[in-house]
Amino acid sequence: MNLFDHVRFLHESELFHDLKQLSCIVISLCDNNPNTEVLSLSQRYQCMVYYGNSLYHLGEFLRAENIYKKALLLKKALNKSKGKITATTPVQPSQDVTSEVDVKYKLYQCLSQMKQFREAMSILEGISSKQRTAKVNVALAKLYVMAGMDRSAITSYKEVIRECPFSLESIQGLLSLGVKGADVAALVMNGLPHGASCDWLSSWIKGQAYLATREYGNAIITFKQMDQKMCLKDNVYIVNSIAEARFYEGNDTAALTGFQRSHQLDPLFLKNMDLFSYLLAKEKKTMELQRLSEQLMKVTDKAPEPWISFGYYSLISRKVARTRTVYFAQKASIIDPFNVEAYLLKGTALFELKKSQDASLHFQEALRHAPHRYEAYHGLISCYLSLHRTREALACAGKAIKTIGSNPRTLTIYASVLTNEPNMSAKAKPYLEKAMKLDPSYLEPVYVMAEILLRDHQYDKGTEMLRKQLHTHNTCRLHQQLGDFLAQISEPLEALDEYNIALSLDPTNTRAREGKERVEKHNDVGLESTYDLEDMEGSDNDVSSKHG
């Protein structure tokens, strides 16, 4: 074995620490002995590439970038000197020499790791269209999406599918960019061998197309049909897609169940575990969320999902300062600068820290990347209301209805903003009634309606509505609100019962605790006719801040 063979052997053996030192020494020997041919020009080029590879694998991306650039300069010299190499030095077979395209791809990887996306795009665009491999086109498509160059991204994704019809990520990419499902399916099927039958692929594309066009009901039906077939039953990706569709349509209970099933099928699966974490935090399932975040971090700390999961855990945990949530969200953003869940988490954390102005900027950024996310509208509206910018909150709620559509969540949040305007409660009621009619199981419009009825002194109507809801639901807030109404109609014992049930469901519920204390205090001397209604509202004056 000659010196170059040893360098190559270290590379093949993936002994990157050794390779880094040896290749550096060999390159110096070549540079300092111009009159002695230590390595041929092609070997020097390949040695330089190996050197760059060792640095890349060891995480030294800036040094690797520098070495790959030097390698490309050597490649140009090598191309010019073809046919002029001395006969005494053996030439390496062409298949052993890394192509210029592959070196440029490595250079792109270094630049992407350093978040230099424009430079990375420029490097890949320097590869002629005919020389672009599937992985180059995938990389270009993702960079184009980041830059808002949708047409170029579509072209790149289509090139990938023509070469690799089973590139599922490229299929999802095209659908997310607005290409019709039928057109994508035709492109994929044309790339398959003649006579090939892939019914599951057709169904999968159909389901993903429904997800992309926000037809969540149809997406759920399609993926459920796939899940029920024995050949795809309990496939973690299919189960996860069902849960994802449930989440985006606003069915938190079914989404939570779906993500739990997905996690049980594969505890090391990362996709959508940030959404799962959000739901666990919303339900205040602290212990389950702690276990999930710790488990995800064992999988990898190089993906945003574990950091977001820890962020939501710190948000609801009494053991961790909420400022840590901002740190975890920032870590996720560093890993993926365009991650919508990181923006939402950071916005939520800042809002909880009473930094509404800063929080609003992150919710706005989330909406810029995902204009159909309800959680972003809800967060931004909450910020506007806390800053007493009611008109902007109302405009934002109206935009949510226009963008997402008229559904129980958007109608409820619009109504909740109206209740913050003087004498606008009457206008809010029709929106809430429509929301309750569209989805009788959705409780947010019930909560807001109860607040309006309490404020308007319609105690009997409010009591009747809440009792009816408690036949099918058992939540802390329903019991707390019923307790408020019963206290107003001189039913102290029943009110105390409701407050006690509420506190048994959530011992941290401030309104239930304060309501119970007021009833006990007033019951000693008889309920006063001048019972202070505003006191009953406690710290929950902004009803909209409880939605979502």
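Note that this is a predicted model, so its numbers are computed, not measured.
Within 6.0 Å of NZ in Lys429 there are more than 12 heavy atoms belonging to other residues, nucleotides or ligands. Within 6.0 Å of atom NZ in Lys106, more than 12 heavy atoms from other residues, nucleotides or ligands are found, so the atom counts as buried in its surroundings. Around atom OH of Tyr237, no more than 12 heavy atoms belonging to other residues, nucleotides or ligands sit under 6.0 Å away. Within 6.0 Å of CD on Glu433 lie more than 12 heavy atoms contributed by other residues, nucleotides or ligands.
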> Does the pair Glu451 and Thr419 meet the rule for a side-chain contact (heavy atoms from CB on, under 4.5 Å), with working shown?
Replying inline: CA-CA 9 Å; Glu451 297 292 343; Thr419 61; over 6 Å; no
>> Working note: Glu283 + Lys285, criterion salt bridge (charged side-chain N to carboxylate O under 4.0 Å, His left out); need CA distance, chi angles, decisive distance, verdict.
In response: CA-CA 6 Å; Glu283 294 297 317; Lys285 294 181 179 291; 5.6 Å; no
>> Run Gln469 and Tyr447 through side-chain hydrogen bond (donor to acceptor under 3.5 Å, both in side chains) and show every step you take.
In response: CA-CA 10 Å; Gln469 289 294 330; Tyr447 298 145; over 6 Å; no
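Heavy atoms only, all atoms of each residue included: Leu175 and Ile205 are closest at CD1-O, 4.0 Å. Here the shortest heavy-atom pairing between Ser293 and Phe310 reads O-CE1, 3.4 Å. Between Ser277 and Leu292, the shortest heavy-atom distance links the atoms OG-CD2, 3.4 Å. Considering all non-hydrogen atoms of both residues, Leu380 and Leu367 come closest at CD2-CD1, 3.9 Å. Contact record, Ala495 with Gly483: CB-O, 3.5 Å, taken as the closest heavy-atom pair. Summarising the geometry of Leu466 relative to Leu482, their closest heavy-atom pair is CD1-N, 3.5 Å, with the distance given to 0.1 Å.
Legend: residues meeting side-chain contact (heavy atoms from CB on, under 4.5 Å) with Leu177, ordered by chain and number and at least two apart, are Val145, Asp150, Ala153, Ile154, Tyr157. A search for side-chain contact (heavy atoms from CB on, under 4.5 Å) contacts involving Ala349 returns Leu315, Thr325, Val326, not counting sequence neighbours. Taking the side-chain contact (heavy atoms from CB on, under 4.5 Å) definition, one finds that Leu279 meets it with Phe247, Asp252, Ala255, Leu256, Phe259, sequence neighbours left out.
Proximity of a side-chain donor or acceptor of Lys115 to a complementary backbone N or O of Ile334 within less than 3.5 Å is detected.
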Tabulate below the donor-acceptor pairs under 3.5 Å that side-chain atoms of residues 400-408 make, not counting sequence neighbours, or state none.
residue	atom	partner	partner atom	Å
Thr403	OG1	Tyr377	OH	3.3
Thr403	OG1	Lys399	O	2.8
Asn407	OD1	Arg409	N	3.0
Asn407	OD1	Thr410	N	2.9
Asn407	OD1	Thr410	OG1	3.2

Enumerate, atom names and distances included, each donor-acceptor pair closer than 3.5 Å involving a side-chain atom of residues 296-307, sequence neighbours excluded.
residue	atom	partner	partner atom	Å
Thr300	OG1	Lys302	N	2.9
Trp307	NE1	Asp301	O	3.0

Donor-acceptor pairs under 3.5 Å, side chain of residues 55-65 to any protein atom, not counting sequence neighbours: which ones?
residue	atom	partner	partner atom	Å
Glu60	OE1	Arg63	NH1	2.8
Glu60	OE2	Lys20	NZ	2.9
Arg63	NH2	Tyr51	OH	2.8
Glu65	OE2	Lys69	NZ	2.9

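If you check the side chains of Glu498 and Gln481, you find no donor sitting under 3.5 Å from an acceptor. Side-chain contact of Asp484 with Gln488: a donor-acceptor pair under 3.5 Å is absent, judged by distance alone. Between the side chains of Glu341 and Tyr312, not a single donor N or O lies within less than 3.5 Å of an accepting N or O. Residues His479 and Asn474 have side chains that bring a donor and an acceptor to within less than 3.5 angstrom of each other.
Classified by interplanar angle (parallel below 30°, tilted 30° to 60°, perpendicular above 60°), the ring pair Tyr459/Phe485 is perpendicular.
Contact check on Asp234 versus Arg261 returns a salt bridge, with a Lys/Arg side-chain nitrogen under 4.0 Å from an Asp/Glu carboxylate oxygen. Using a cut-off of 4.0 Å between Lys/Arg side-chain N and Asp/Glu carboxylate O, Glu288 and Arg291 are scored as not salt-bridged.
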